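Small disclaimer: the values here were computed from a predicted structure and weren't measured.
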Amino acid sequence: MKILLPNDQLAAVTELLAGMSLKPAASRARTKLLHLVREASTRFGVDEYELISQYATLDDAGKPIINTDGTFNLATPEKAQEFLAARSELFESVVEVSGPTYSRHLTDIKTLLDGYDGELSGEAAEAFDVLYESVADALAKETDDE
């Protein structure tokens, strides 16, 4: 199974999937997808850390110095715009969420999304829409490839 999601939606999609109350069969499909989204989120975190490491003030071990409030200082403040542009590009880029599951997994995910009757608002509603569109696009591509 393979779907494409924007990096900036990975956390919201993770929260959405983790919070869904589902029947056992749908829960199995959701849990497998949740595992794949968490893996993609971990990879995104590594990418973000590497980006920060390129611009932040580093300690003697070459790691970014993180302030007590979770922020960091740029080693070269003049490169703030360059960092912000690179960070924006990273957040807006699309990540492939894929991995081995089972043959009808994508169809099962689409079915559970179609039948989901939980209430959504705010970030959860946006995450649902992004996930739904990604699954629908992946299914359409799968159909075209056959």
Side-chain angles (χ1 to χ4, degrees), residues 1-59 61-74 80-146:
M1 185 205 77
K2 176 174 83 170
I3 62 171
L4 302 174
L5 291 171
N7 274 325
D8 65 354
Q9 288 294 317
L10 289 172
V13 169
T14 299
E15 287 181 38
L16 170 72
L17 291 170
M20 288 179 155
S21 294
L22 302 166
K23 301 273 187 215
S27 180
R28 177 177 178 255
R30 179 271 318 268
T31 299
K32 291 190 178 305
L33 177 59
L34 179 57
H35 177 72
L36 296 175
V37 172
R38 283 181 173 151
E39 286 177 357
S41 188
T42 298
R43 289 190 309 270
F44 171 66
V46 169
D47 291 345
E48 185 178 22
Y49 183 81
E50 287 175 3
L51 177 65
I52 289 169
S53 297
Q54 293 175 14
Y55 289 90
T57 303
L58 305 177
D59 65 15
K63 295 182 178 180
I65 298 171
I66 306 298
N67 301 322
T68 55
D69 63 356
T71 61
F72 63 91
N73 296 324
L74 294 173
Q81 285 304 109
E82 182 180 319
F83 168 73
L84 291 173
R87 184 176 182 272
S88 179
E89 183 179 330
L90 175 64
F91 272 73
E92 292 171 7
S93 65
V94 175
V95 64
E96 180 180 299
V97 176
S98 63
T101 54
Y102 57 92
S103 62
R104 290 189 35 85
H105 187 230
L106 201 51
T107 302
D108 288 350
I109 293 295
K110 174 82 166 52
T111 301
L112 85 84
L113 293 174
D114 284 338
Y116 185 68
D117 64 354
E119 293 186 16
L120 301 169
S121 63
E123 284 186 19
E126 187 175 339
F128 185 91
D129 185 55
V130 166
L131 179 59
Y132 191 92
E133 290 297 322
S134 296
V135 169
D137 289 348
L139 273 171
K141 183 169 180 5
E142 223 177 56
T143 303
D144 290 344
D145 290 345
E146 290 177 356

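Nearest heavy-atom pair across Ala138 and Ile3 is CB-CG2, 3.7 Å. Contact record, Ala29 with His105: O-NE2, 2.8 Å, taken as the closest heavy-atom pair. In plain terms, the two heavy atoms of Phe91 and Asn7 that are nearest each other are O-CB, 3.6 Å. Here the closest non-hydrogen pair linking Pro6 and Val130 is CD-CG1, 3.6 Å. Summarising the geometry of Ser134 relative to Leu5, their closest heavy-atom pair is OG-CD2, 3.2 Å, with the distance given to 0.1 Å. Heavy-atom minimum distance, Arg43 versus Val95: NH2-CG2, 4.1 Å.
Here the rule is side chain to side chain contact (heavy atoms under 4.5 Å, CB included) with Leu16, and of Leu34, Leu120, Val37 only Leu120 fits it.
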Inset, instruction - Go through the steps to decide whether Thr42 and Glu39 satisfy the test side chain to side chain contact (heavy atoms under 4.5 Å, CB included), and finish with yes or no. - result: CA-CA 5 Å; Thr42 298; Glu39 286 177 357; 5.7 Å; no
Legend entry - side chain to side chain contact (heavy atoms under 4.5 Å, CB included) between Arg87 and Tyr55, intermediate numbers included: CA-CA 11 Å; Arg87 184 176 182 272; Tyr55 289 90; over 6 Å; no
Inset, instruction - For the pair Lys141 and Asp137, evaluate salt bridge (charged side-chain N to carboxylate O under 4.0 Å, His left out) and give the outcome as yes or no after the intermediate values. - result: CA-CA 6 Å; Lys141 183 169 180 5; Asp137 289 348; over 6 Å; no
Inset, instruction - Before giving the answer on side chain to side chain contact (heavy atoms under 4.5 Å, CB included), spell out for Leu36 and Thr101 the whole-Å C-alpha distance, their side-chain angles and the decisive distance to 0.1 Å. - result: CA-CA 9 Å; Leu36 296 175; Thr101 54; 3.8 Å; yes
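Aromatic pair Phe83/Phe72: ring centres closer than 6.0 Å.
The side-chain hydrogen bond (donor to acceptor under 3.5 Å, both in side chains) check on Ser98 picks up Glu96, with sequence neighbours excluded. Applying the salt bridge (charged side-chain N to carboxylate O under 4.0 Å, His left out) test to Arg38 and every residue at least two apart in sequence or in another chain returns nothing. Taking Thr71 as the reference, Asn67, Asp69 meet the side-chain contact (heavy atoms from CB on, under 4.5 Å) condition, with sequence neighbours excluded.
Inter-residue side-chain proximity for Tyr102 and Arg28 is flagged as met; some heavy-atom pair is nearer than 4.5 Å.
Without hydrogens or angle criteria, Arg30 side chain to Met20 main chain gives a donor-acceptor distance under 3.5 Å. Side-chain atoms of Asn73 do not come within 3.5 Å of backbone N or O of Thr57 as any donor-acceptor pair.
The CG atom of Asp47 sits 8.0 Å away from the OG atom of Ser93 when rounded to the nearest 0.5 Å. To the nearest 0.5 Å, atoms NZ (Lys32) and OG (Ser27) are separated by 10.5 Å. One finds the CG atom of Leu112 at 8.0 Å from the CG atom of Leu17 (value rounded to the nearest 0.5 Å). A distance of 10.5 Å separates OG1 in Thr14 from CD in Gln9, rounded to the nearest 0.5 Å. Distance check, rounded to the nearest 0.5 Å: CG of Leu139 to CG of Leu106 gives 4.0 Å. Summarising the geometry, atom OH belonging to Tyr49 is positioned 12.0 Å from atom CD belonging to Gln54; distances are rounded to the nearest 0.5 Å.
A 6.0 Å sphere centred on CD of Glu89 holds no more than 12 heavy atoms belonging to other residues, nucleotides or ligands.
Using a 4.0 Å cut-off between charged nitrogen and carboxylate oxygen, Arg104 and Asp108 count as a salt-bridge pair.
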